[in-house]
Structure formats: structure tokens, C-alpha cells
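Values below: all heavy atoms of this structure, side chains included; hydrogens, waters and symmetry mates excluded. Quantities reported herein were computed from a predicted structural model and do not represent experimental measurements. Chain A is the first sequence line, chain B the second, and so forth, proteins listed ahead of strands; every chain is numbered from 1.
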Amino acid sequence: MSKELSKTYNPEENEKKIYRKWEKSGFFNPNKLKLKKNSKPYTITIPPPNVTGELHMGHAMNAFIQDALIRWKRMQGYKTLWLPGTDHAGIATQNVVEKNLKKQGLTRHKLGKKKLLKEIWVWKDKYGNLILEQLKRLGCSCDWSRTAFTMDPDYQKAVKAAFLHFYNKGWIYQGKRVVNWCPRCQTSLSDLELEHKEEKSHLWYIKYPLVKPIGTKKHITVATTRPETMLGDTAVAVHPNDKRYKKFIGQKVILPLTNREIPIIADSILDPEFGTGALKVTPAHSMIDAEIAEKHNLPAIQVISDKGRMTKKAGHKFASLTVLDAREKVIKELKKKKLLEKTKDYTHQIPRCYRCDSAIEPLISPQWFLKMDNLANQAIKAVKSNKIKFHPKRWEKVYFDWLKNIKDWCISRQIWWGHQLPIWQCQNKKTEYFASDKTPKECSVCNKCKPEQIEDVLDTWFSSALWPFATLGWPKQTKDLKEFYPTNTLSTARDIINLWVARMIFSSTELIEKTPFQDVIIHATIFAKNGQKMSKSLGTGVDPLDLIEQYGSDATRFGMLYQALINQDILFSEENILMGKKFANKVWNASRFALMQINKEKIKIPDNPNWKKTTKADKKILKQLNITTKKLDSYLETFQFGKATHLLYDFFWHDFCDKYIESAKKQDNAQTKQILAYVLLNSLKLLHPFMPFVTESIYQQLPFKEKEFLMIENWPK
RNA sequence: GGGCAAGUAACUCAGCGGCUAGAGUACUGCGUUUACAUCGCAGGAGUCACAGGUUCGAAUCCUGUCUUGCCCACCA
């Protein structure tokens, strides 16, 4: 009863209670909604957080956006499904568990594969759903009965089905290529899994003596940032039009420290401006060098191992040294031989593992690739044709730029946690493989041996790419898939536009021949107030759950969405959350006042009111309510959450509280109270997607109408 | 090297051709009027990064410059 309403709004008390009621009601589940006959579905699948994860501000922002949308649509009468779940997040999760084991003095190799996987599953069960619990504190109205995980048994079937589809099309192949190798994680990585960091280093100028001197020239000088790789050089390359080197082309040099003879070749890929214009070619340890080597048919000599140490092929002096030690030694030796011409300071971007920050070692190694040309075109088409729209539109450029210059996707990883490739190796002919989604009874290569499945697992994004449809049951033609697919809206962060969004799009167009969603919202990234990335170690990180504890969930949501304008960055300021808290309190108190009036007189609110004899103030507020409703819809249709919250704030605080409530105090007649109640009820509806808890909690106090939940009330028109 | 975005009050941001450039926070003063001091009223606070240009009129459009952040890229 209203008498019991406290003078100030107490979120802590209300929020947990209300959430429990919602869950109990079952209305998060679309099948339990009471709907009109022809109601259309509206589906969002959540970007599945990693099972390593804790909720950060980006998650919170995204969750608020999705929940606001789904609540709005639910009230509009759609059959709404917001499907939650988590991602096994291959390398990321394995690394976290390995780190944990390290504390106990264990490594994955000591433990072995079976035990490590067991450990990871234990970890997943313990912490994996933590983030989903946290989403409940944010008020997310997900259908928890459909919670999915990217390694569920059904999901595994989807992954195999997708893989076999690509395989049978001939798009999956094995290749020996230079890949990004993380010596710590002991696996290959895709280009998107790298982080480039600036590093101060040197450019070393090394003299390679000519076999036959040309005039006074006794050597050719190459410039390199990685002198240790010279031990694996198989050529020196110059630009064909470079006048300085024309007569060198076709000659040979003696590779210092190894005394191998290697040719001087010409390739137009070179930049004559860089260094000396002559490039040492190390096909086993550089992508560009491998490309040159392929054209010129040069051999590759692997001098660095997958552990990041020099191999025997580097020569006995260097074998088993770390890369950095080898570098030092090479330079020392060169100096001794007077073959080091000079050293220059040089700053460059070096690639690092996005999960463990180790320096990446380009390494030649056998890997599995997915051909991208056809798939990339499908992805381009889906957006060019406007079947999928990005909001804001500018992000389409990022998407197109990547797809236009795409390379084949290296999908194999040498870790243990993930979906093992359904590829089997013939034990008689070890270079022969075949694919099968079940353990094969016999070898389809030799028909004799017992084939073995290869150890590699899939890039974690291969399975994430199937998320919107695998969670609904694909490849089975389930009821859910028929009803809720394609989904409507995807909301996510800009850093996974290519890593994830693009791959979902082509996976869907290829496997299901439908685009997976219509609208892609790329929400602003949240930075600390100083403009830097939020970081725990720098103490600039903000935990959304701390905010919720301090200000309440509604306040946090409202304050954050208030900042969600079309910008691409948000410098987080807590003042906005404070504003949200004050606003929640204002809503609470305006309602408290209205309730006092209404309760006295047992007011009923007509659904389609036909007011008699309205005053100027009455007319004004009713008109403003109408305008606000229409504007709000138009903002939400274009995903402008910031504008929506600004609008509601101004309407409720200034038009309704400051003006109308004040004049209502003076008017004091039965109809005024009805109007007061009517405007309040409709305001609560409009506010609900942005402040679900406090609005629901007030709604539960309203003395009129048969009612269940504000969550499923009719959206005002 | 290429791209994107941003520079407006002390802070975080609106405004994007025409009202004395606005909001929240912070600040100052005054307020116990049947919701709310998490409030109300009033107030101070800004060469709208800089320089040119278009226009009757520019924070807003164009050109250039500077500063900052982010992304992409095989310059060894």
C-alpha cells in the first residue's frame, strides 16, 4: 500500500524481489506470453560472453541496450525471445585455467590432455555462468530456459555439420604456410587475434659478401630488424627497377655465419626506399618472404622452433638458444667479422598474442584453412544489398575493408580446449586425410588402417560464427529455428565486427541461405575519464556491479543509456549514474504523490480515455504525452537510446512533475486525478525499458485495473 | 602508411545554417508551500581548438592546420 512507500527509493530492496517475480512469472520465455494470434516473433541472441569472463562496462552497456529493446518489443506484443549463453572461448579459457594450475606448480604437459580438459570443465561449471548471474542483476529479461553454450552436445553437432559442409564444398584444405605462432600458447593464431604494439628496436645493416665482386663492390648490404633469422635466409631480393642493384640480379652472395651460397633475385613487391633496398629472404619466418619464395621457388629453412628457440638447422653455435640470445650472438659474430655496417634506432609495431601478450613468431607450419573468396563475397553482398544494416552506418566501412582484402582463414589451433577438427588421418599414408562427423569404422583412404582423428581444434570463432542458428537447434529443423530465425537485431562492440559479425553473416548465408539478422548495432566503447582504455591494473576500471550496488540497477542503466548517443567512444562519468539515481527517485516520488491522490478516491483509468472539460494544463500534458510516445518510438526504431532517455527525462521531470503535478495540486477535481493517474501509468510504461525495476515496483502498487506485470502491459500508442 | 572519430562552461556531454549557445555534475545565494533536500527557485561560469572561405547570417557548411583517442596494414 502506498502508505508503506518509503520517502526515498530504495533500489537494493526492490530489485532482487522484482527480478524473482519476473522469473517466476515465466514471461521471459516467449512460449509463455499471452499473445494475440498473429503476433510476430522478435529475436535477439546475446553475444555470448566468454566463460572466463566477468562483467565489464561494455557487457553492461550492451546488455542494457538489448534488454531495453526486448522489453519495448515485448510490450508492443511481439513474441520476444532473448536467448542467453556463453562461449567456450578456446585459447582464452585454456590460458586462464593453465595460469591457475601454474600456481599449483602444474603445467598442461605434466597434466596431460585428458586431465587438463577435465580441469577446464570443472572451471567452466564453477565460473562459467557467473556472468549470466550478473546479467540478472542488470535486469536482463533473457529466456534462461534456452541458455546455450558453444560446446553443448547439440552445438557440437552444429559445428561438425558446418565443417563438413565447407569440407565437401572443397573449401577446407591443409597448407604449409607461415602462420602467426604464439610460442607460449603453442598454437597458430589468425591475423585478427594479434595485437600490434609499438616497440623500440634497431635496424641492423648487414653486409653479405658477393661470390664474385662486381667492380669495387664486394658485398650487398641488407637491413633487418631480425638478424637472427638470417641463418635461415635463402635469397636476397631487390626491386627489379632499382638502378643501384640491377647488375647484382642473378649473382650470388655468401651468407655470413653459415657460408651457404644464396642467389640475389628481383621482386617488385619490395620497397626500394626502405633500408638499403635489399631484403634478406627468410621464407620460413616471414609472411612476405614466404610469398617471394613461392614465386621464385626458394627453399625454406626453419631456424626457429615452435618453442621460440633456434633449431639445429641454425647451426650448432646457435641451436637451442632463445631468439633474443641468438640475436645478440649473431650480432656479436658479425661484428667480429666486420660484416655489421651500422645500427640504427628503429621503432616498429610488433605483433603479440591477444591472449597472453607473447611476441608472435611467424613460423612455417601445416595448418587447416577455410577458403574465403566465395564466403567473403556473400558477406559483402548481404550488407551491400541492405539485407543487413549497421547502426551507425559508418561501421560498414570497417566491415567492407576487411572483407575486400581477406586472406584464407586459418581455422586450426594447436590447443586442447575446443572443437576437435572432424578430420581423420590415414595411418598408412600419413599425408592423406578425410573428414567424418562420426568415428569412422574404416579408413576411407586405404580401407585397412584404423584412422586417427587429428589433434587440432577449431578457432573458437568458427563455432561462435554459428551462434544465432546453432543455439536454435540447427542443423535440425527445430520449431525454434523455424519460428525465431532469422533473428532481428544484433548488438555488439566494434572490436568484433570482423572477428565475429562478418563470420556469422557468411556462415548463415552459406549454411542456411538466410542472413542471420537485419540490424547490427555497434554500441560505443566505454573508456575511462582520461580517455584511456579502462584497465584493472591502472585502477581506471569500473565494475558495473559496484555501480549497481551504489546507485541501483535502474540508475546505472538509465545513466549509461543516457550517454549512448551516436558517438563511437564514451568517456565514462559517474555523474550520469548519479543523475540516473536522482531520476529514479523522482519517478518514485512523483508516483508516491499520484498514489496518494488516487487511493483517496478509488480512481479508475480508462484505456481509451475520452476526457470532458479539460483545462489548459490537462490538454498540455496529454498532448506532450502523445508527442513523447511518438518520438520515443521513432528513436527506438533507429536505436537512439541516448535520445530516448533524454526525451523521457525532460518529459517526466519538467513537463509532468514541475508543471503538471504542480497545477494538479491546484485543480483538485476527480478528472484531474484520473488524468494524473493516466499520465503516470503511461509514463511508467514508456520508462519501463529504461528503468525496469522501479517502474515495475510502482506498477505493483497501483490500485486500479486487473494487472499482472508492467513488463507485459500494452505499449502506449 | 591508410582509415574512423572527437576537440563547446571546472568535469561528462547535447546542439550540427537563424531564438540572449543548453543539460547533468560541481559552485554561489535564497527557500520546512499537502511527492521528492536524491527537492524547488534564482545565479555565476563559454574568443563553441586554430586560421581562412561560402552566406544577409556559421558552434553548425567548405578548405587547411594543430591536438587527442581508436582501428587497419607483410615496410623487412
Practice prompt. Tell me which of A:I269 and A:Y9 sits closer to the 5' end of RNA chain B, going by the nucleotide each one is nearest to.
Written response: A:Y9
Item to complete: Pick base, sugar-phosphate or nothing for A:L279, based on heavy-atom distances below 4.0 Å to the nucleic acid.
Response: base
Fill in: Where A:Q302 and A:I304 come nearest, the two heavy atoms and their spacing
NE2-O, 2.9 Å
Worksheet item: Checking all strands, does A:Y346 fall into the base, sugar-phosphate, or nothing category for heavy-atom contacts under 4.0 angstrom?
Response: sugar-phosphate
Worksheet item: What nucleic acid atoms does A:S286 come within less than 4.0 Å of, heavy atoms only: base, sugar-phosphate, or nothing?
Response: nothing
Worksheet entry | Interatomic spacing from CG in A:L710 to CD in A:Q700 - rounded to 0.5 Å | 8.5 Å
Worksheet item: Roughly how far, to the nearest 0.5 Å, is the NZ atom of A:K665 from the CG atom of A:L676?
Response: 10.5 Å
Practice prompt. Applying salt bridge (charged side-chain N to carboxylate O under 4.0 Å, His left out), name anything that partners A:D655, two or more places apart in sequence or on another chain.
Written response: none
Worksheet entry | C1' gap between B:U28 and B:C66, integer Å | 37 Å
Fill in: A:Q550 CD to B:U38 C1', straight-line distance once rounded to whole Å
13 Å
Worksheet item: The side chain of A:T224 lies closest to which of these nucleotides: B:A76, B:U38, B:A35?
Response: B:A76
Worksheet entry | Nearest non-hydrogen partners of A:I350 and A:A359, listed with the distance | CD1-CB, 4.2 Å
Worksheet, complete the sentence: Rounded to whole Å, OH of A:Y660 lies from C1' of B:G40 at a distance of 20 Å
Worksheet item: Will you find, in the side chains of A:Q667 and A:D618, an N or O donor that is under 3.5 Å from an N or O acceptor?
Response: yes
Discussion item. What I want to find out is whether A:E294 reaches A:R177 closely enough, with some N-O distance under 4.0 Å, to be called a salt bridge.
Written reply: no
Fill in: Interatomic distance where CG belongs to A:N589 and P belongs to B:A35 [whole Å]
9 Å
Worksheet item: Are the side chain of A:E15 and the backbone of A:S553 linked by a donor-acceptor contact shorter than 3.5 Å?
Response: yes
Worksheet item: Nearest to the side chain of A:K581, which nucleotide is it out of B:C75, B:A35, B:U38?
Response: B:U38
Item to complete: Nearest whole angstrom, please: distance from the P of B:A14 to the CG of A:L565.
Response: 5 Å
Fill in: Criterion side-chain hydrogen bond (donor to acceptor under 3.5 Å, both in side chains) on A:D345 and A:H202, from CA distance to verdict
CA-CA 4 Å; A:D345 284 341; A:H202 303 283; 3.2 Å; yes
Worksheet item: Using the P atom in both, what is the distance from B:G15 to B:C19, to the nearest Å?
Response: 15 Å
Worksheet entry | A:L363 CG - B:C74 C1' separation (whole Å) | 16 Å
Response to the item:
In whole angstroms, the gap separating P of B:A35 from CD of A:Q701 amounts to 19 Å
Practice prompt. Let me know the distance between CD1 of A:I661 and P of B:C39, rounded to the nearest Å.
Written response: 15 Å
Fill in: Duplex segments of RNA chain B, taken as runs of at least three Watson-Crick or G-U pairs that stay under 3.5 Å
B:1-7 with B:66-72, B:10-13 with B:22-25, B:27-31 with B:39-43, B:49-53 with B:61-65
Worksheet entry | Under 3.5 Å side-chain donor-acceptor pair for A:S464 and A:R503 | no
Item to complete: Would you classify A:A223 as touching base, sugar-phosphate or nothing, given that sugar-phosphate means primed atoms plus P, OP1 and OP2, and contacts are heavy atoms under 4.0 Å?
Response: base
Practice prompt. Take atom CZ of A:F652 and atom C1' of B:A35, then tell me their distance rounded to the nearest Å.
Written response: 10 Å
Worksheet item: If you draw the axis of the six-membered ring of A:F369, does the NZ or CZ of A:K407 fall within 45° of it and under 6.0 Å from the ring centre?
Response: no
Discussion item. Under a plain distance cut-off of 3.5 Å, with no hydrogens placed, do A:T221 and A:K342 share a side-chain donor-acceptor pair?
Written reply: no
Fill in: Under-4.0 Å salt bridge between A:D233 and A:R260
no
Worksheet item: Given the P atoms of B:U55 and B:C41, what is the spacing between them in whole Å?
Response: 45 Å
Worksheet item: So what does A:K397 hit on the nucleic acid, given a heavy-atom distance under 4.0 Å: a base, only sugar-phosphate, or nothing?
Response: sugar-phosphate
Worksheet entry | Sidechain-backbone polar pair: A:S286 side chain, A:D289 backbone, donor-acceptor under 3.5 Å | yes
Worksheet item: Using the P atom in both, what is the distance from B:A58 to B:A51, to the nearest Å?
Response: 15 Å
Discussion item. With a 4.0 Å limit, can you tell me whether A:K586 has a side-chain N or O closer than that to the phosphate oxygens OP1/OP2 of B:G40?
Written reply: yes
What protein N or O atoms touch nucleotides 8-10 of chain B N or O atoms at under 3.5 angstrom, if any, and at what distances?
none

Worksheet item: Where do A:P256 and A:K207 come nearest, in terms of heavy atoms and distance?
Response: CG-O, 3.6 Å
Practice prompt. Assign a letter to each nucleotide of nucleotides 66-72 of chain B from its 5' end: B, base within under 4.0 Å of a protein heavy atom; S, sugar-phosphate only; -, no contact.
Written response: ---BSS-
Practice prompt. Under 4.0 Å between any heavy atoms, over every strand shown, what does A:H646 touch: base, sugar-phosphate, or nothing? Just pick one.
Written response: nothing
Response to the item:
Interatomic distance, NZ@A:K643 vs NE2@A:H646, rounded to 0.5 Å, equals 10.0 Å
Response to the item:
Heavy-atom nearest nucleotide on RNA chain B taken for A:F583 and for A:N567; more 5' hit belongs to A:N567
Practice prompt. Compare the minimum distances between each of B:G15, B:C36, B:A5 and the side chain of A:N585, then state the nucleotide with the smallest one.
Written response: B:C36
Fill in: Phosphate OP1/OP2 of B:A76 contacted by A:K280 side-chain N/O (<4.0 Å)
no
Discussion item. Roughly how many Å apart are B:C50 and B:U12, using the C1' atom of each and rounding to a whole number?
Written reply: 24 Å
Practice prompt. Would you please say whether a donor-acceptor pair under 3.5 Å links the side chains of A:N62 and A:S491?
Written response: yes
Worksheet item: Distance between the P atoms of B:U65 and B:G2, in whole angstroms?
Response: 12 Å
Worksheet item: Counting any heavy atom closer than 4.0 Å, what does A:W653 reach on the DNA or RNA strands: base, sugar-phosphate only, or nothing?
Response: sugar-phosphate
Worksheet item: Does A:K7 get its side chain close enough to the base of B:C36, under 3.5 Å, for a donor-acceptor pair?
Response: no
Worksheet item: Looking at residues 227-246 of chain A, who's got a heavy atom less than 4.0 Å off RNA chain B?
Response: none
Discussion item. If you go through the side-chain atoms of A:E662, does one of them form a donor-acceptor pair with the base of B:A35 closer than 3.5 Å?
Written reply: yes
Please produce a list of atom pairs where a protein N or O lies less than 3.5 Å from an N or O of nucleotides 20-26 of chain B.
| unit_1 | atom_1 | unit_2 | atom_2 | d |
| --- | --- | --- | --- | --- |
| B:U25 | OP1 | A:K582 | NZ | 2.9 |

Discussion item. Is it the case that over 12 heavy atoms from other parts of the model lie below 6.0 angstrom from the NZ atom of A:K371?
Written reply: no
Worksheet item: Expressed in whole Å, how much space separates the C1' atoms belonging to B:U32 and B:C16?
Response: 45 Å
Worksheet item: Between B:C11, B:A76, B:A35, which nucleotide has the shortest distance from any of its atoms to the side chain of A:K529?
Response: B:C11
Practice prompt. Examine A:K586 relative to A:F656 and say whether NZ or CZ is less than 6.0 Å from the centre of the six-membered ring and inside a 45° cone about the ring axis.
Written response: no
Worksheet entry | Separation of the P atoms in B:A23 and B:A14, to the nearest angstrom | 16 Å
Worksheet item: Would you find a donor on one side and an acceptor on the other, under 3.5 Å apart, between the side chain of A:Y399 and the backbone of A:A379?
Response: yes
